[in-house]
Amino acid sequence: MDEKALIDMALEGDMNAFNHLVLAYQDMAFNTAYRIMSDGPAAEDATQEAFISMYQKLHTYHGGSFKAWLLRIVTNACYDELRRRKRRPTVALEPETDEGDFIESPSWLEDDAPKPDEALNNSELEKALQHCIQALDEKYRAVVVLVDVAGEDYESVAAIIHSPIGTVKSRLARARQKLQHCLQGFWELLPANFRLLDVEGK
Amino acid sequence: MNNKLGISNKDWINLSAYIDGALSEIERARLDKSLAESKDLQQELANLQRLKAAVRALPAKKAPRDFMLNPAMVKVRKQQTKLFASLRLASVAATILFLVAFAGEALLKGQIFQNLQTAAPAMEAALSMEPDQAAEQPQIITWGYSPEAKGLGGGGGVGGAPMAGSAEPMMPIEESPIELEVEIPQDQPSLMAEPQEEELELASPGTGEALILGLRPETEGQVIEAEKDVPREQERGLNITTLRWVQGGLAAIALITGLIALILHFRRKRQIQTK
């Protein structure tokens with residue numbers, strides 16, 4: 001069944017049709033939320049909230065890209081969740097010694113499963129990138145995730161974040177610049193094909 | 001803002017848009033030209049392309065569970081949302097109506113003020129009248145009228161100070177030590193004497209009777225009552241009081257509904273947080 005028919009049926013109160021839409025978009029929604037929030041449970045909460053909002057606001061969808069419309073809801077849900085978590089920060093479960101000192105890499109947190117080099121590299125790259133994306137301000141983070149992760153174009157992102165295209169352009173450029181600077185610290189961790197060139201072009 | 005390669009902020013923004021294919025034809029041609037001339041730009045372009053590729057290569061996270069909704073999940077939310085929306089609407093509507101009522105009161109007060117302002121020139125004119133001028137014009141004294149002048153050039157009310165050119169303060173006839181006699185000289189044309197043979201009447205002010213100038217002969221012996229503005233004043237006062245009640249009621253509705261909506265909003269937030 002096509003997307004438009006599902007939307008029409010959902011608008012008439014067909015919960016099954018709505019859930020078909022949820023199933024079709026939940027991976028994309030969760031992935032975007034995860035990249036914005038860098039936290040699985042928080043992304044889960046934001047995604048669930050986004051789908052509830054989507055159900056309530058479905059009547060406000062008047063054509064165009066449904067994915068972009070949903071991404072706007074997901075982005076807003078992420079902002080709400082981030083704000084909520086800022087107000088009520090969670091305490092990290094830090095392992096401590098008997099003297100109260102933190103253990104940086106406790107043995108019980110280590111993954112003993114053997115990993116091939118490529119997987120290790122990708123994992124390290126992912127961690128590095130996610131760390132740098134997380135270090136960005138919310139407004140820059142959302143733009144870089146929407147363009148580079150969700151693959152939206154500038155126009156869609158402008159509609160999602162309620163800003164002009166010029167703002168999207170400048171925020172994205174600024175976000176990428178910050179990411180580049182941040183990734184300098186992870187230079188050695190990056191696979192050769194992803195390493196950034198330094199000034200001398202090494 | 002320049003980066004370490006000395007690339008300007010504008011060039012950096014254009015490079016970033018270039019890799020996304022978001023530049024116009026003209027901008028693209030201009031940047032192509034700059035790229036051909038600058039190795040720094042080429043290097044930065046290569047870095048940006050690698051960065052973009054790295055971010056795009058991030059593995060897509062799969063949803064850890066299904067996010068499908070059931071009717072119960074949306075029903076509770078829908079009811080809460082409806083109630084919240086209704087209360088919010090009521091609060092906003094009451095606030096708007098309150099403001100309208102407030103503006104209405106200001107308008108009403110403004111009207112009264114305007115009336116007073118219209119009356120002011122006449123009063124000023126009467127006050128600024130020279131004694132000689134005043135002597136040429138008959139003083140009209142009205143009885144049974146509020147002490148305020150109301151722009152009628154009066155001022156002859158009980159206890160009021162005599163206006164310039166007005167007759168001397170009168171005393172009740174029984175208290176008056178002298179008998180008032182009015183003589184109109186024949187050689188001096190006077191408005192009091194002619195053209196209508198205006199009568200002078202002596203009476204006690206306390207009983208609504210007094211010396212009245214400008215009385216026509218045909219009205220002699222009749223009790224002339226001045227137009228009374230008292231009911232109109234009372235009506236205005238009543239209007240303002242009613243308006244105050246309406247304002248109070250609206251303010252109360254706005255506050256109560258707004259507070260309930262706020263409580264519902266925070267309760268819902270707490271529900272989400274504790275979920």
Side-chain angles (χ1 to χ4, degrees), chain A residues 15 18-19 22-23 26-31 33-35 40 43-45 47-52 55-56 80 84 87-88 122 125-126 128-130 133 144-145 147-149 151 153-154 165-166 168-170 172-177 179-181 183 190-191 193-199 201, chain B residues 1 3-7 9-23 27 39-40 42-78 81-82 85 269-270 272-275:
Chain A
M15 190 60 85
F18 179 81
N19 281 333
V22 172
L23 289 173
Q26 65 181 10
D27 285 340
M28 182 276 297
F30 178 76
N31 186 41
Y34 180 80
R35 293 301 171 198
E44 227 177 291
D45 286 351
T47 308
Q48 186 68 78
E49 276 304 309
F51 282 120
I52 293 171
Y55 183 83
Q56 289 170 336
D80 288 346
R84 187 182 72 76
R87 280 198 305 268
R88 296 184 175 204
N122 282 341
L125 171 65
E126 186 189 343
L129 274 170
Q130 192 59 51
I133 290 171
V144 85
V145 168
V147 173
D148 288 341
V149 176
D153 59 21
Y154 285 22
I165 290 179
V168 174
K169 252 169 130 177
S170 58
L172 186 59
R174 183 91 178 113
R176 283 169 171 167
Q177 196 173 35
L179 280 178
Q180 274 208 10
H181 289 158
L183 284 169
L190 297 176
N193 55 329
F194 287 133
R195 275 180 200 164
L196 305 176
L197 298 173
D198 63 9
V199 182
Chain B
M1 176 194 64
N3 69 358
K4 64 180 179 180
L5 290 175
I7 295 169
N9 192 34
K10 195 183 170 193
D11 282 342
W12 183 267
I13 290 171
N14 282 339
L15 274 178
S16 172
Y18 184 86
I19 61 167
D20 295 322
L23 286 181
E27 285 172 325
K39 288 207 165 179
D40 285 349
Q42 287 172 20
Q43 187 182 319
E44 221 40 58
L45 179 68
N47 284 343
L48 269 173
Q49 281 170 331
R50 285 189 181 95
L51 177 73
K52 184 180 165 81
V55 178
R56 293 209 86 147
L58 281 171
K61 292 277 176 187
K62 279 196 164 277
R65 63 178 174 87
D66 281 342
F67 291 100
M68 290 189 292
L69 306 184
N70 58 54
M73 279 168 83
V74 287
K75 196 181 173 187
V76 175
R77 183 69 69 86
K78 211 172 179 178
T81 312
K82 265 187 179 174
K269 283 262 169 189
R270 210 179 302 132
I272 293 167
Q273 285 166 12
T274 53
K275 202 174 54 186

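All values reported here derive from a predicted model rather than from experimental measurement. So that the names make sense, note that chain A is the first sequence line, chain B the second, and so on, each numbered from 1.
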Any Val55(B) side-chain heavy atom under 4.5 Å of Leu129(A) side chain: yes

Flag, side chain of Gln26(A) to backbone of Ala63(B), donor-acceptor distance under 3.5 Å: no

Close side-chain approach of Asn9(B) to Arg174(A), heavy-atom, < 4.5 Å: no

Presence of salt bridge, Glu44(B) and Arg176(A), under 4.0 angstrom: no

Options Lys39(B), Arg65(B), Lys52(B), ranked by heavy-atom pairs under 4.5 Å with chain A, top entry: Arg65(B)

Residue Ile19(B) versus chain A: region with a heavy atom under 4.5 Å: side chain

Segment of Leu172(A) engaging chain B (4.5 angstrom heavy-atom cut-off): both

Closest-packed option against chain B by number of heavy-atom pairs under 4.5 Å, given Tyr154(A), Phe18(A), Tyr34(A), Phe51(A): Tyr154(A)

Minimum side-chain heavy-atom gap Lys169(A)-Leu23(B) below 4.5 Å: yes

Main-chain N/O of Lys62(B) paired to Asp27(A) side chain as donor or acceptor, under 3.5 Å: no

Closest heavy-atom pair and its distance - Pro64(B), Glu44(A): CG-OE1, 3.5 Å

Heavy-atom side-chain contact between Met68(B) and Leu23(A) under 4.5 Å: yes

Salt-bridge present (Asp148(A), Arg56(B); N to O < 4.0 Å): no

Greatest number of heavy atom pairs closer than 4.5 Å to chain B - which of Val144(A), Val149(A), Thr47(A): Thr47(A)

Taking every non-hydrogen atom, the tightest pair across Tyr55(A) and Leu69(B): CB-CD1, 3.8 Å

Closest non-hydrogen atom pair, Gln180(A) against Asn47(B): NE2-CB, 3.2 Å

Chain B contact via Ile133(A) - side chain, backbone, both or neither, heavy atoms under 4.5 Å: side chain

